[in-house]
Every structure is written in C-alpha cells, then in structure tokens.
Amino acid sequence: MSEHGGVPGGGLVKGLAVTLKTMTRRSTTQQYPDVEPELPPRSRGVIALLEENCTVCMLCARECPDWCIYIDSHKEEVAVPGAARPRQRNVLDKFDIDFSLCMYCGICVEVCPFDALYWSPEFEYAEYDIKNLLHDKDHLGEWMATVPPPPAHDPLGDPSKEETTAARKAAGPSARPAPSGVRPDAATDPGGGAAS
C-alpha cells in the first residue's frame, strides 16, 4: 500500500494519463518568425530617443546603474533680440546607448525631465557581433517610429494637475480650491459631500 492509501503505482498512472492527454491536444506554439507575437501594451523592447527634446542635462547618464549611456555636447551662442548678451544652449553631438550593458531597468526613461527617452516595444535588434549593440543617436531616433501613443486618460480617475489648474483659472480668482483629496466636481456636487 502507498502512503496515501491508494493503489500502488497510482501516481505513475496519473502522470501517464496527463502525458497522454497533453500529447493528443493540438499544439499552441506560435511559430515566431512567421507569426508575430502579441506583445503586452507596455512592453520594454528598446529605448528610443527624441533628439529635439534632449537638453543634454545628463540626468539619464548619471542615474544609469550600468553606465551604458554616453553623451557628448558643445555649447552654441544664440542671439536673442532685445537681450543684453547672447545666450548659450547645449547642442547634442553624441548620444549612444550600449545595449550589451543595458539591463532595461527604465531609470533613464523615468528621470528624463523633457521626455526625450521612450520605451519602444521593438525587440528584433539582435546582432552577430556584440560591438554592433552600441546604438548612436541616429539609430535610437529611428526607433521613435515604433513608440506607441500614450494611453487615454481614465475618465473615472483623478483629473491631471493641468486640468485642475486650467479649471481654476477659468473659474476666476473668486473660486476657492477644493479641499485636499476631494475631486473638484465632487466639491460642487450636493450628494458628493462628506457624510455627517
């Protein structure tokens, strides 16, 4: 007798039954090169660069735990009409990401204050030589075409700061701000007040 009081060899029979049932089922394997995989909406494939948004603040390179972002720039003087002296601005010369070192943590995308870096779901960029995984700003700029648009705002969620600021300005200076934690539309709703 077995430990559980069943028939001797019952576990083996159950295991073989599962194997036979699986063998008779149709395969659900996707044939990858021929059939494109359905990726989740926020897939992390490769990092794309929107060059005109980059101000060469170096935050992404400083925060990268792998030090795989290489940035180089120079300063240019910009003459502003009516200004006492010309202003200077940084011009991006080099922006490289070494994807052989990158661990795809997304810190660079999160810390960029000017939305110059984006996640692209593109994942087919394997190379035969590891040296070819160093992508320059032109190559990173090509990935921008594959970046999906941002998701729509949830109508049941809290309004954005920009929406509440615009609503406050439109209401005029006499409008009082809603208490913290209360939606602006709930503050005017007689049924949406606090319970007494």
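Numbers here simply count residues along the sequence, with the first being 1.
- Side-chain contact check for His135 versus Phe99: some heavy-atom pair is nearer than 4.5 Å.
- Atom CE of Met103 sits in a crowded spot, with more than 12 heavy atoms from other residues, nucleotides or ligands closer than 6.0 Å.
- For the atom pair SG of Cys68 and CD1 of Ile47, the computed distance is 7.0 Å after rounding to the nearest 0.5 Å.
- Within 6.0 Å of atom CD1 in Ile130, 12 or fewer heavy atoms from other residues, nucleotides or ligands are found, so the atom counts as exposed in its surroundings.
- Taking CG from Asp72 and NZ from Lys137, the interatomic distance works out to 10.0 Å, rounded to the nearest 0.5 Å.
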If you apply the rule side chain to side chain contact (heavy atoms under 4.5 Å, CB included), what do you find for Ile69 with Phe95, and how did you get there?
CA-CA 7 Å; Ile69 301 175; Phe95 193 105; 3.9 Å; yes
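- One finds the CD atom of Glu51 at 7.0 Å from the CG atom of Asp138 (value rounded to the nearest 0.5 Å).
- With a 4.5 Å cut-off on side-chain heavy atoms, Lys94 and Tyr70 count as touching.
- With respect to Val46, the side-chain contact (heavy atoms from CB on, under 4.5 Å) criterion is satisfied by exactly one of Ser120, Cys102, Pro121: Ser120.
- For the atom pair CD (Glu122) and CD (Glu142), the distance works out to 11.5 Å, reported to the nearest 0.5 Å.
- In this structure, Arg44 and Gly106 approach most closely via the heavy-atom pair NH1-N, 4.0 Å.
- Using cut-offs of 30° and 60° for the angle between ring planes, the Phe123 and Tyr32 rings count as tilted.
- Two residues are said to be in side-chain contact when any heavy atoms from C-beta on lie closer than 4.5 Å; Leu49 and Leu117 meet this criterion.
- At a threshold of 4.5 Å between non-hydrogen side-chain atoms, the residues Tyr125 and Leu133 count as touching.
- Between atom CG of residue Leu134 and atom CG of residue Leu101 there is a gap of 9.0 Å, rounded to the nearest 0.5 Å.
- Linking Ile, Leu, Val, Met, Phe, Trp and Tyr residues whenever their side-chain heavy atoms come within less than 4.5 Å leaves Leu140 and Ile107 in two separate clusters.
- At distances below 3.5 Å, not a single donor-acceptor pair connects side-chain atoms of Arg89 with backbone N or O atoms of Val78.
- Looking at every heavy atom in both residues, Ser100 comes nearest to Asp98 through OG-OD1, 2.6 Å.
- Note that the CG atom of Leu59 and the CD atom of Glu110 stand 13.0 Å from one another [nearest 0.5 Å].
- Nearest heavy-atom pair across Ser43 and Pro40 is OG-O, 2.8 Å.
- Proximity of Cys54 to Ile71: side-chain heavy atoms (C-beta onward) are nowhere separated by under 4.5 Å.
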Start with the C-alpha gap between Asn90 and Lys75, add the side-chain angles, then the distance that decides, and say whether side chain to side chain contact (heavy atoms under 4.5 Å, CB included) holds.
CA-CA 5 Å; Asn90 288 325; Lys75 292 191 183 286; 3.1 Å; yes
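- Here the side chains of Tyr118 and Trp143 are not in contact, with every heavy-atom distance at 4.5 Å or above.
- Across Ala48 and Val147, no two heavy atoms sit closer than the pair CB-CG2, 3.9 Å.
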